[in-house]
Amino acid sequence: MTAVDILRLKGPFTDEQAEALARIFDQELATKAHVTAERETLRQELQVEIEKVRGEIEKVRGEMARLDGNVSARLAETKAEIVRWLLGSTVATVGLIGVLIRVLG
């Protein structure tokens, strides 16, 4: 049954009025096919956006890995420098003590 048939049965409309209203309904009302098509379009757009976000996440992960490597290398350098300073300070202290023992002893 078409919208025109329904309007003829349900209301006091002339054929012309029923046809005019039916055209308006056809233009303005979303059908299940329209809703399904729109949902599919939105799903596809969302999928594209999700893929973009995944790509950005992968870029961030790569950058984090690179930075982690840089930080690890700098920590190792700093650790080696601290050890050199401690050894140098220890040798200098021992030498100073030795000099003081000879001079005062």
Side-chain angles (χ1 to χ4, degrees):
M1 184 174 270
T2 67
V4 173
D5 295 331
I6 293 170
L7 290 171
R8 284 183 186 146
L9 291 174
K10 297 284 183 180
F13 299 109
T14 65
D15 288 346
E16 293 81 20
Q17 290 171 330
E19 289 172 11
L21 285 170
R23 279 193 300 276
I24 291 171
F25 289 152
D26 287 343
Q27 292 171 357
E28 300 297 324
L29 293 178
T31 64
K32 184 176 179 181
H34 291 122
V35 172
T36 301
E38 183 65 19
R39 183 179 64 205
E40 181 60 24
T41 300
L42 291 173
R43 189 192 67 73
Q44 290 172 356
E45 289 173 3
L46 182 59
Q47 191 62 40
V48 168
E49 291 301 316
I50 288 170
E51 291 305 317
K52 286 180 184 177
V53 170
R54 284 184 178 152
E56 292 298 317
I57 288 171
E58 288 306 313
K59 287 180 186 176
V60 169
R61 284 183 178 158
E63 183 66 14
M64 287 175 61
R66 185 186 69 75
L67 291 173
D68 185 49
N70 290 348
V71 169
S72 295
R74 302 247 351 240
L75 284 174
E77 292 170 8
T78 302
K79 187 177 181 181
E81 193 172 325
I82 290 170
V83 168
R84 281 194 303 273
W85 274 92
L86 285 175
L87 286 174
S89 298
T90 303
V91 169
T93 302
V94 168
L96 182 60
I97 291 172
V99 169
L100 286 174
I101 290 173
R102 283 188 186 185
V103 169
L104 298 176

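We're numbering straight along the sequence, starting at 1.
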For residues 67-75, please give each side-chain donor-acceptor pair under 3.5 Å, one per line with the distance, not counting sequence neighbours.
{"residue": "S72", "atom": "OG", "partner": "D68", "partner atom": "O", "Å": "3.0"}

Scan the side chains in residues 82-105 for donor-acceptor partners under 3.5 Å anywhere in the protein, sequence neighbours excluded, and list what turns up.
{"residue": "S89", "atom": "OG", "partner": "W85", "partner atom": "O", "Å": "2.9"}
{"residue": "T90", "atom": "OG1", "partner": "L86", "partner atom": "O", "Å": "2.7"}
{"residue": "T93", "atom": "OG1", "partner": "S89", "partner atom": "O", "Å": "2.7"}

When the side chains of residues 42-52 are checked against the rest of the protein, which donor-acceptor pairs come out under 3.5 Å, sequence neighbours left out?
{"residue": "R43", "atom": "NE", "partner": "E40", "partner atom": "OE1", "Å": "3.1"}
{"residue": "R43", "atom": "NE", "partner": "E40", "partner atom": "OE2", "Å": "3.4"}
{"residue": "R43", "atom": "NH2", "partner": "E40", "partner atom": "OE2", "Å": "2.7"}
{"residue": "Q44", "atom": "NE2", "partner": "E40", "partner atom": "OE2", "Å": "3.1"}
{"residue": "Q47", "atom": "NE2", "partner": "E51", "partner atom": "OE2", "Å": "3.3"}
{"residue": "E49", "atom": "OE2", "partner": "K52", "partner atom": "NZ", "Å": "3.4"}
{"residue": "E51", "atom": "OE2", "partner": "R54", "partner atom": "NH1", "Å": "2.8"}

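Applying the salt bridge (Lys or Arg N to Asp or Glu O under 4.0 Å) criterion to R66, with sequence neighbours excluded, gives E63.
The shortest distance between side-chain heavy atoms of E56 and V60 does not fall below 4.5 Å.
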